[in-house]
Amino acid sequence: MYNGIENITICEHPLLKHKLSILRNKNTGTNEFRIIVEEIAMLIGYEALRDLEVEYAPVETPLETAMCPFIAGKKPAVVPILRAGLGMVEGILKLMPAAKIGHIGLYRDEETFEPKEYYCKLPTNIDQRKIYVVDPMLATGGSAVAAVDFIKKYGGKDICFLCVIAAPEGLEKLHEAHPDIKIFVGNLDRELNESKYILPGLGDAGDRIFGTK
Ligand code: PRP
Ligand code: URA
């Protein structure tokens with residue numbers, strides 16, 4: 001819960017905060033950065049997947065037959081926002097290996113900071129699936145709002161957004177545009193700078209995950 005808003009969760013686990021401190025360090029190299037983004041995605045995913053529904057089926061234990069819970073319903077979809085969102089996918093798949101994967105390609109125009117779409121491919125029957133949109137950075141919120149707009153346009157209804165770091169502006173913008181979606185944040189940082197980078201942040205997530213620039 002954030003500012004009394006039920007649909008926003010700021011994750012408070014000390015392990016997550018510890019890992020995030022390593023990510024922030026400018027001397028953390030690509031390999032370690034990638035591994036830690038994946039681990040953080042797992043920790044945030046553990047919170048975000050709490051509301052998966054279960055159904056009961058009989059299991060023969062060595063001692064008796066017990067009715068045991070299994071995840072119910074259509075396989076959920078994980079939808080990374082390209083590129084940096086790709087870094088979180090494996091972490092979520094470790095929790096939910098059977099999930100389907102969609103992709104949304106967006107980049108921020110370097111002058112206007114507006115998101116530009118270049119790709120969108122979502123799993124079939126998206127209207128019947130729980131959808132977990134992943135992107136490490138929620139800065140102005142433009143990319144996240146556009147991604148959720150697309151998913152809704154294609155029929156998606158049950159949507160959750162997971163990010164490693166959010167700026168207050170982006171978090172508020174996403175919630176105002178889409179108050180129905182649940183948002184899970186690894187850490188709420190202080191502010192954006194004039195280039196719309198998050199402070200203190202971790203720099204450019206895509207470049208640090210893929211070793212570009
Ligand atoms: C980054 C990040 C988000 C976006 C956040 O992607 O991964 O998608 O910026 O900024 P916003 O909230 O202001 O829209 P970027 O556009 O740098 O593309 P990349 O993942 O390809 O590096
Ligand atoms: N995108 C990033 O990768 N980092 C930021 O700080 C803001 C947007």
Side-chain angles (χ1 to χ4, degrees), residues 7-9 11 20 23 33-34 36-38 40-42 44-45 48-49 76-93 95-96 99-110 112-123 126 129-167 169-178 180-189 192 195-198 201-213:
N7 272 356
I8 299 180
T9 302
C11 301
L20 186 49
L23 281 192
F33 192 92
R34 223 179 261 149
I36 294 176
V37 168
E38 187 179 316
I40 290 179
M42 263 178 92
I44 301 172
L49 300 174
V78 183
V79 181
I81 301 179
L82 305 179
R83 289 175 300 170
L86 287 173
M88 296 176 71
V89 172
E90 282 303 316
I92 307 293
L93 288 182
L95 300 172
M96 207 169 42
K100 304 283 183 187
I101 304 175
H103 295 91
I104 293 190
L106 294 171
Y107 69 90
R108 273 198 331 178
D109 183 284
E110 290 194 352
T112 64
F113 309 117
E114 285 297 312
K116 304 277 180 206
E117 185 213 357
Y118 59 89
Y119 189 76
C120 182
K121 183 91 180 159
L122 299 174
I126 198 72
R129 300 182 192 278
K130 277 185 170 289
I131 302 160
Y132 298 92
V133 182
V134 294
D135 191 333
M137 308 306 273
L138 180 60
T140 65
S143 306
V145 169
V148 176
D149 285 344
F150 278 126
I151 294 171
K152 286 186 173 174
K153 198 172 86 187
Y154 286 99
K157 294 185 181 81
D158 191 351
I159 304 169
C160 214
F161 182 87
L162 282 65
C163 65
V164 175
I165 295 181
E169 294 92 320
L171 186 56
E172 281 155 28
K173 178 167 173 168
L174 180 58
H175 175 68
E176 275 168 31
H178 296 291
D180 55 304
I181 74 166
K182 290 192 176 146
I183 306 172
F184 290 84
V185 177
N187 200 71
L188 184 62
D189 274 18
L192 296 175
S195 302
K196 308 298 181 194
Y197 273 81
I198 299 176
L202 47 73
D204 187 304
D207 284 341
R208 296 200 65 190
I209 290 169
F210 295 106
T212 45
K213 252 191 196 156

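Leu188 contributes atom CG, which lies 9.5 Å from atom CG of Leu138 (distance to the nearest 0.5 angstrom). Between the CD1 atom of Ile44 and the CD1 atom of Ile92 there is a distance of 7.5 Å, given to the nearest 0.5 Å. To the nearest 0.5 Å, atoms NE2 (His103) and NZ (Lys121) are separated by 11.5 Å. To the nearest 0.5 Å, atoms CD1 (Ile40) and CG (Leu23) are separated by 4.0 Å. Distance check, rounded to the nearest 0.5 Å: CG of Asp135 to CE of Met137 gives 8.5 Å. Atom CG of Asn187 is separated from atom SG of Cys11 by 9.5 Å, given to the nearest 0.5 angstrom.
You'll find the side chain of Val134 stays beyond 4.5 Å of the side chain of Ile81, heavy atoms only. Contact of the Tyr119 side chain with the Ile104 side chain is not registered, since no non-hydrogen atoms from C-beta on lie closer than 4.5 Å. Asp158 is not listed as a side-chain neighbour of Arg129, based on a closest heavy-atom distance of 4.5 Å or more. For the pair Thr9/Lys182, no side-chain contact is recorded, criterion being any heavy-atom separation below 4.5 Å from C-beta on. Side-chain contact between Val185 and Ile165 is absent, with no heavy-atom pair separated by less than 4.5 Å. When side chains are defined from C-beta on, Arg34 does not count as touching Val37, because their heavy atoms never get closer than 4.5 Å. In this structure, Tyr107 and Ser143 have side chains that are not in contact, with every pair of non-hydrogen atoms separated by 4.5 Å or more. The side-chain heavy atoms of Leu192 and Ile198, taken from C-beta on, include a pair separated by under 4.5 Å.
Within the 3.5 Å criterion, the main-chain N or O of Phe33 finds no donor-acceptor partner in the side chain of Arg208.
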Apply the test side chain to side chain contact (heavy atoms under 4.5 Å, CB included) to residues Met88 and Glu38: give CA-CA distance (whole Å), side-chain angles for both, the deciding distance (0.1 Å), then the verdict.
CA-CA 5 Å; Met88 296 176 71; Glu38 187 179 316; over 6 Å; no
Check the pair Val78, Met96 against side chain to side chain contact (heavy atoms under 4.5 Å, CB included), reporting the backbone distance first and the verdict last.
CA-CA 10 Å; Val78 183; Met96 207 169 42; 4.2 Å; yes
Could you go step by step and tell me if Ile183 and His178 meet the side chain to side chain contact (heavy atoms under 4.5 Å, CB included) rule?
CA-CA 10 Å; Ile183 306 172; His178 296 291; over 6 Å; no
Kindly determine whether Leu49 and Tyr132 satisfy side chain to side chain contact (heavy atoms under 4.5 Å, CB included), including the steps that lead there.
CA-CA 9 Å; Leu49 300 174; Tyr132 298 92; 3.2 Å; yes
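In plain terms, the two heavy atoms of Phe113 and Ser195 that are nearest each other are CE2-O, 3.4 Å. Pro115 approaches Ala146 most closely through the heavy-atom pair CG-CB, 3.9 Å. Of all heavy-atom pairs spanning Tyr118 and Leu106, the tightest one is CE2-N, 3.4 Å. Closest approach of Leu171 and Ala166 over heavy atoms only: CB-CB, 4.5 Å. Across all their heavy atoms, Ile131 and Gly156 have their closest contact at CD1-CA, 3.6 Å. Counting all heavy atoms, side chain and backbone alike, Pro136 lies closest to Ile209 at CG-CD1, 4.2 Å.
For Lys152, the salt bridge (Lys or Arg N to Asp or Glu O under 4.0 Å) test picks out Asp180, with sequence neighbours left out. For Lys213, the salt bridge (Lys or Arg N to Asp or Glu O under 4.0 Å) partners are Asp207, not counting sequence neighbours. Scanning for salt bridge (Lys or Arg N to Asp or Glu O under 4.0 Å) contacts around Asp189 gives Arg24, with sequence neighbours left out.
The local environment of NZ in Lys130 is crowded, with over 12 non-hydrogen atoms from other residues, nucleotides or ligands closer than 6.0 Å.
For the side chain to side chain contact (heavy atoms under 4.5 Å, CB included) criterion with Glu172, the lone passing option out of His175, Glu176, Glu169 is Glu176.
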